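Just below is one structure, and these are the notes that go with it.
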Protein chains: 2
Amino acid sequence: MDSTGESGGKKKIKRAPNERVLQRDPERTRSAILEAATREFAENGMGGARVDAIAERAGTNKRMLYHYFGDKEQLYLHVLEEAYVSIRTAERALHIGDRSPEEGIGELALFTWRYFLEHPEFLSLLGTENLHRARWLRQSVRLKELHSHLIGELSDVLDRGKKEGVFAENADPLHVYLTIASLGYFYLSNQYTLSTIFGRDLIDPAQLDSWEKHIVHVTLASIKR
Amino acid sequence: MDSTGESGGKKKIKRAPNERVLQRDPERTRSAILEAATREFAENGMGGARVDAIAERAGTNKRMLYHYFGDKEQLYLHVLEEAYVSIRTAERALHIGDRSPEEGIGELALFTWRYFLEHPEFLSLLGTENLHRARWLRQSVRLKELHSHLIGELSDVLDRGKKEGVFAENADPLHVYLTIASLGYFYLSNQYTLSTIFGRDLIDPAQLDSWEKHIVHVTLASIKR
DNA sequence: CAAGCCGGTAACTAAACAGTTACTTGATGA
DNA sequence: TCATCAAGTAACTGTTTAGTTACCGGCTTG
């Protein structure tokens, strides 16, 4: 589309290509807001998060935030959807069916634990959303089918294990996933009260390592025949 | 102490003892505020809770709230302490050491699950407190030693089980408690997002019953020799 | 029975807040 | 080269909020 004849020299775009690269960049502004909002909502919950704080963290101002996302609630919903899409996308890449049933389940447990450990903001957002009884998640059209894949794949692995005689016949895929998620979620999201109360620093690497082994052990022990 | 000589007849206290019982009752007002605050904080978190709403729910007004508790944060701390004292008190009444080791652990798991089920406000308060990294709990002097009893008793039961050869030698009392609490906490506190996502109503009595059995099974499976 | 104190009410205040408006700056296409 | 539109800024607005002040009234006590 350089047929305007003026595409040659004058345009100020990229004047000094690396000196002041793009003063106006909608894509960057948008994602900066989304990232800042993720942190703000994760740290303070829906009620405690401040729109001004998000704008400041993103290096922009409220006007832009309302421009791209409508209002505080819609911005929160975007953040939540993004968080779910991220974990489920990473999860799919695992292909737990490629290994033996026991290895597959162990792999899923390890992945989930480590993902939780590396993404505390995801745990926090889940907590906030549940405080509000999934008020915003229920509105989301994007997320309903995102999860059938997980249960489907898990179900296949369990069935294979049952046929091979290593898993109990009554092992339920939802129960298995809930077991894995429970053990990771509670330990990490409640680490602050737990460490205070029991006087043991749960975030200490040795403790983390010990709990990681525990999760895998418990998960497999709960379904082995 | 009735030596003042005027303790006899005249006092208007209890005029018509049941008609307008006590227009002014500090004890009742105080506990009404505490109960209202428990619900408000549990439903909306620290950031979302409204002081006006608490006063209204308690059938009083803000003045009294500030009179009895100082400010919003101190009131919140009282609520949190109260919640912890309640569960630990009920827990002590269990005497898990009076039974066989396996029954004792099963009893603790059942108790914890049912307590969580009947006290959703406790789970919610825990979530809120952890969002704030135990900021207020850390300030509390009352709660530090409240928990050594639990771990101590649990430790005794495990040791007995190990001597009798039913429990594995490396079973850790903290891990056992965390396992029990994890499975109950996550299922209940995250029931809203989980039900939405997996399309199964987790609060349905049949589901609850099934998960209760699962918790006991998993807990014992994780420590059995 | 008068003095004073404590439980209680309601209206007020200053700050914080979500959301808006008026305006500026920069890119693009005809 | 100029009209147009999108990106961006900053100051503003009405409302909500935690916390306060001024006041009322009944009970206790010297």
Side-chain angles (χ1 to χ4, degrees), chain A residues 1-17 19-33 36-37 40-41 44-77, chain B residues 1-17 19-33 36-37 40-41 44-77:
Chain A
M1 293 305 182
D2 50 352
S3 61
T4 48
E6 225 182 6
S7 57
K10 200 185 164 190
K11 286 187 178 182
K12 276 186 197 165
I13 321 174
K14 290 174 187 168
R15 42 117 185 247
E19 189 210 337
R20 250 227 182 208
V21 222
L22 288 174
Q23 299 168 313
R24 310 176 59 170
D25 188 339
E27 206 48 57
R28 207 188 44 146
T29 301
R30 209 190 116 100
S31 71
I33 291 173
E40 177 73 10
F41 283 123
N44 304 298
M46 181 63 184
R50 299 291 161 246
V51 172
D52 291 276
I54 296 171
E56 201 187 328
R57 287 180 116 147
T60 179
N61 57 63
K62 280 195 288 191
R63 179 64 227 280
M64 288 297 95
L65 191 154
Y66 285 97
H67 180 245
Y68 288 118
F69 297 98
D71 64 6
K72 189 184 178 183
E73 302 203 3
Q74 284 178 263
L75 174 57
Y76 169 78
L77 182 54
Chain B
M1 295 287 235
D2 50 353
S3 60
T4 47
E6 222 182 9
S7 55
K10 198 186 163 188
K11 289 185 173 180
K12 275 186 194 164
I13 321 174
K14 290 175 187 169
R15 44 110 185 249
E19 189 209 336
R20 249 229 183 205
V21 225
L22 292 173
Q23 300 167 312
R24 307 176 62 170
D25 188 339
E27 206 46 58
R28 207 187 44 145
T29 302
R30 210 190 116 99
S31 71
I33 291 172
E40 179 73 10
F41 283 123
N44 303 302
M46 181 63 183
R50 297 292 160 242
V51 172
D52 291 275
I54 295 171
E56 201 189 326
R57 286 180 115 145
T60 179
N61 58 64
K62 277 193 291 189
R63 180 63 228 281
M64 290 295 94
L65 191 153
Y66 284 98
H67 181 244
Y68 288 118
F69 296 98
D71 64 6
K72 188 185 179 183
E73 302 201 3
Q74 283 178 264
L75 174 58
Y76 168 79
L77 181 55

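In what follows, every chain begins at residue 1, and chains take the letters A, B, ... in the order their sequences are listed. Everything numeric here is computed off the predicted structure, so don't read it as measured data.
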Name the closest nucleotide to the B:Tyr68 side chain, picking from C:dC17, D:dT20, C:dG8.
-> C:dG8

Check every strand shown and say whether B:Ala49 touches a base, only sugar-phosphate, or nothing at a heavy-atom separation below 4.0 Å.
-> sugar-phosphate

Choosing from D:dG19, D:dG8, D:dA7, which nucleotide comes nearest the side chain of A:Arg63?
-> D:dG8

Interatomic distance, B:Asn61 atom CG to B:Thr29 atom OG1 [nearest 0.5 angstrom] | 9.5 Å

Side-chain N or O of A:Thr60 closer than 4.0 Å to phosphate OP1/OP2 of D:dT9 | yes

Nucleotide nearest A:Lys62 (side chain, heavy atoms from C-beta), chosen from D:dA7, D:dG19, C:dA18 = C:dA18

C:dC17 C1' sits how many Å from A:Glu56 CD, rounded?
-> 15 Å

So, is A:Asn61 close to the D:dT9 phosphate, meaning a side-chain N or O under 4.0 Å from OP1 or OP2?
-> yes

Which nucleotide in C:dG7, D:dG8, C:dA18 has an atom nearest any side-chain atom of B:Met64 = C:dG7

Verify, without hydrogens or angle tests, whether B:Glu40 (side chain) and B:Arg50 (backbone) share a donor-acceptor contact under 3.5 angstrom.
-> yes

B:Asp52 has an atom CG; how far is it from atom P of C:dT9, in whole Å?
-> 14 Å

A:His67 side chain N/O closer than 4.0 Å to the phosphate oxygens (OP1, OP2) of D:dA7?
-> yes

